Every structure is written in structure tokens, then in C-alpha cells.
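On a predicted model such as this, the values are computed, not experimentally measured, just so you know.
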Amino acid sequence: MSGIGTNARVVGALGMRSIRQTFRRPQLIAPIIVFPTLLLAIQTGGAGAAVELPGFPPVQSFLQFMLAGAMMQSLMLAGNSGGIALAVDIEMGFTDRLFAAPIPRFAIVFGRLAGTAALGLFAAIWFFAIGLIFGAEIEGGIPGALLATALVTAAALAVGGIGAAIALRTGSASVVQGLFPLVLVVLFLSTAFFPQELMIEPAKTIAKYNPLSFVVEGVREPIVGGIELGDTLAAVATIVGIFALGLLLSGRALRHRLRAG
Amino acid sequence: MVAVPAWRANLATIGAMMARAKNELVRVPGAAIPGVLAPTIFFLGLNGVFGALTQLNGFSTGSYESFIVPVSMLQGAGFTGAAAGVNLARDYEAGWVDRLLVSPAPRWVLLAGTVLAASARALIPGVFVFAIALALGAGWPGLDGMAICFAMVAAMAAVAACWGSFLALRYKSQSAAPLMQAGMMAAILLTPAYAPLALLQPWLRKVAEVNPVSEVIEAARQGFVGTVTWADTWPGLLALAGMLALIGGLALREMRRTAL
């Protein structure tokens, strides 16, 4: 078998392990699916009247508006959970065994990222299903849903890279877990849950420049309006930027770990 | 030798368990940070994101900080109580609970130590969120309003600790942690947490109307958004007493069933 084929098999196997690990541990799956679903229900039910506010963009319902936010929350936490799981692997010595195996080092990181991306895909499908069951319309139709799903999956991969870099650098699950509040901060200071124009300062200004807001809008537009090239390109550019940063940091952290032994 | 009266021995045991919880806090102060940070972030985040909701007809205050601060304080109590359950599960896995069970202390005393420690500990995130809220412009609730709010926070943490302990003793594993946290999060937020009852979506309004925690939130909130009255206070006290009796009873039953 060719080198590429072997590497793909390694990445696939590690990715599958990562997915199984997540679904077997309630501590890992709860933040990705249970909490965002719960928060989606509560925020939709509690702040649903917000669509009557002057200046709120035209949407079919608050649930329709919030779907992108729930997906973002889920993928961010998937990235964090992926980092925690990688750090646990380092703590338990599993990663050392992988280092000793005749496989390329990048496959170890990509295997974890493949698993995180798959969880992002699962989250997108899950929230689309919830939205459709509870009456949200997807204005962009099937192409819009596919575009949003692809963006969520790619964003999970990109965010997972940051989580993996921190795990590789620190090798400590508790440090990566400690970033959980930071994930919430980044989410709240973006347009994930409310239109930027209606947010309160300083959140309003921060949300305007928060890279996550560009991804959120790219995912949201096909749901609430239809496919819009500008929003899509901005989201793709942001995801590529985060992915590149994650890879750069992961590469450095991996080299540092190998040097340190 | 004079035998120590049972009530004194029980009090000493509860005190020792509370001191152990305090030692954990003093020796590993970082462990308290997530419990303080989470409700603070929720408070700041919800305020920044949903602050414009007060422009809707139906809000009795123009300050969303004042409206949301008791919810965040109660969330802190919920997190702290759930954490007590996680710690109990950890203690079970480590064999510490087995040692407690062979001691002559009655089961209810062991549970009371865990619950009261959580109750006291919940005041830390409560005070922190309260101070941040005041700094950001939340209305001063008055001494009576503040006292009622903190009493609600402490009692809600006791309810959450009973819930966490029940699950910890039922499943005997830290894997039950998400259930402990999600249960409390749902109980506290499936209420008029984000907006007054009249502005909630119909399904949530129905849930909030039968959810006893709604009364706790209204009681804790009254000083921040208006005046303190007995009519807004006693339903909260009654709801807490009912939840403590029910969930505390379940936790005690699990404690009694737990065999060595």
C-alpha cells in the first residue's frame, strides 16, 4: 500500500478512536451535545421575544437565528474536548507509544483533528434535525444546509487544532479543561447568540472584530437568508486562518515535546 | 469516662466534614476558580448579549444587570452544589466514603456535612458575582433584599448538593457529573431567568409555572427589581423547603442503601 494510503488509514483509525472515546465518556459528549441543546432550548424559550426588538434582523423565528450559535458552541466545545482527550493520552503515555510507532508524527495530530471534525459534522446534523423538528426553516434549502454543515465541520477541525496545540504544549488535561470558561467568553463576545447591533457595549464592539463572528455569520446566513458569497468567503478565510494558526502551534508544540522527551 | 452526647458527636462530625471542604479550598484555591468564573462569565455574557431585552414591554426594570444577577448567583450555587456531588463520587472511587460508612456517624450526619459545606462554599461565587454586578450598575437590593438573595443562594446550593449526592451515591462514579450539572442548569434556567413569565415562549412559560425554582428566583430577584415583600418571599422559602425534603430524602435513601 502507498505511503499516503497507510497514513490515511492511521489518521482514520485514530479519528475513529477519538470519536468512540467521546461517545463512551459522558463527560466528553455532554459539553458537545447536551449542554448546547439545553442552552438552545432555554435561550430560544427565554429570549424568543427578542425578535420583536427594533433592529432585529428579519428571521422566521429566534430558533432559526440561534441554530448557528448552538452549532458554534458545540464545535468550540468539541475542540476543547478533543484537546482534553489528547492531553489525557499524553498523561497516560498513549501518545508516547504512538511516537514510538512507525507512523508519521503529523498523523497523530490529524487523527485527533479528524475525530473533532467528525464531531462537528455530527453537531451540525444534530442541530439541523432539532431545528427542523421544531419548525425552523432553512432558507438556503439543501445547498444552504450543506454549506453550513461544511463550514461547521471545517471550523471544528480548525478550532481542534488550537486545542491540540495547547494539549501538546502543556500535556495537562486540567490545563486544557481550564480553558472551558475562555471558550464561553469567546462565544459570548461574538454574534453567536444575538445580533451585533443589539448587543451592549463593550461586547458589541468586541463582537464586531471577533473572528468567531465571521464564522457564525457564514453559518447563519444560509439558514436565515440564503447563500451569500461575502459572508461565506469571510467565514472560509477565518477558518483557514484559525486552521493555519492551529497547525503552526501544534507543529511547534509537537517538536518541543519530542525535544523535551 | 463521660460519654459524649450524640448530638455533640454529630455536630462535631458535621463540623469536621465542613472543615475538610474548607481545607480543600485553602490548599487548592485553583479548584474554586471554575465555580466562580462560570457564573461570572454567564452574568457578563448574558448581560452583554441580552441586555437590550429590557426594551420589551413587560420588564419591571430597565437594568438587565439587576434582572439577571440573582440568576447568575443561583447558577453559582447550582455549580457549587453539583461540584459537591462530583467530589463525593471522587471520594467514593478513592475509598474515602467507605471509611466514612464504617464510622459510627449516622448517615444523615454524613450527608449533612457534605450539603452544609456546599451551602457555605456557594457564598464565594455569590459574593463575587454580586460585587461585579454592583460595580457594573445593578441596583442595590437593600439589606433585606440582599439577605434574602444570599439565603436563597445558600439553600439552593444545599438542594444542588443533595441532587449531586443522590446521583453520586446512585452511580458511584464521576461519570455522572454531566447529569449533576445539566440537571441543575435546567432547573435554574427553565424559569423566568432570561425574561419575565409573560415574555417567555408558551412551552417555557408552562414549564416555568410548575418549576419550583421559579419561586426561588422571584424571591431572590425582588430586591433588585422592586421592593421586598413577604408575598414574594414565602413561596421561595416553601419551594426550597419542598425541594430539600424531596431531593434530600432521595439522597439520604441512597446514603442508607450504600453498602460497603
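Both the backbone and the side chain of B:Leu46 come within less than 4.5 Å of a heavy atom of chain A. Only the side chain of B:Leu37 comes within less than 4.5 Å of a heavy atom in chain A; its backbone stays farther off. For A:Thr44, the part lying under 4.5 angstrom from a heavy atom of chain B is the backbone only. Heavy-atom distances place no part of A:Gln196 under 4.5 Å from chain B, backbone and side chain included. In this structure, the portion of A:Leu38 lying under 4.5 Å from any heavy atom of chain B is its side chain and not its backbone. The parts of A:Ala49 that come within reach of chain B are both its backbone and its side chain, each placing non-hydrogen atoms under 4.5 angstrom from that chain. For B:Ala182, the parts sitting under 4.5 Å from any heavy atom of chain A are the backbone and the side chain alike. Residue contact with chain A, scored on non-hydrogen atoms closer than 4.5 Å, is absent for B:Ala38.
Here the closest heavy-atom approach between residue B:Phe50 and residue A:Phe62 is recorded as CE2-CZ, 4.1 Å.
Between atom CD1 of residue A:Ile200 and atom CG of residue B:Leu44 there is a gap of 13.0 Å, rounded to the nearest 0.5 Å.
Residue-level contacts of residues 61-94 of chain B with chain A do not occur; threshold 4.5 Å between heavy atoms. Chain A is approached within less than 4.5 Å, heavy atom to heavy atom, by B:Ala195, B:Leu199, B:Leu200, B:Gln201, B:Trp203, B:Leu204 from residues 195-215 of chain B, ordered by number.
Ranked by heavy-atom pairs shorter than 4.5 Å toward chain A, the options B:Leu53, B:Asn47, B:Thr40 are led by B:Leu53. When the candidates A:Gly45, A:Gly55, A:Ala207, A:Ala41 are compared by the number of heavy-atom contacts under 4.5 Å with chain B, A:Gly45 comes out ahead.
For B:Phe150, the CZ atom counts as densely surrounded, since its 6.0 Å shell holds more than 12 non-hydrogen atoms of other residues, nucleotides or ligands. Heavy atoms from other residues, nucleotides or ligands lying under 6.0 Å from CZ of A:Phe134 number 12 at most. Around atom CG of B:Asn57, no more than 12 heavy atoms belonging to other residues, nucleotides or ligands sit under 6.0 Å away.
Close placement of the A:Phe188 and B:Phe42 rings is indicated, their centers lying within 6.0 Å of each other.
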Let's go through B:Leu189 and A:Leu39 carefully: what are the C-alpha distance in whole Å and the side-chain angles of both, what is the deciding distance for side-chain contact (heavy atoms from CB on, under 4.5 Å) to 0.1 Å, and is it a yes or a no? CA-CA 9 Å; B:Leu189 296 181; A:Leu39 214 56; 4.1 Å; yes
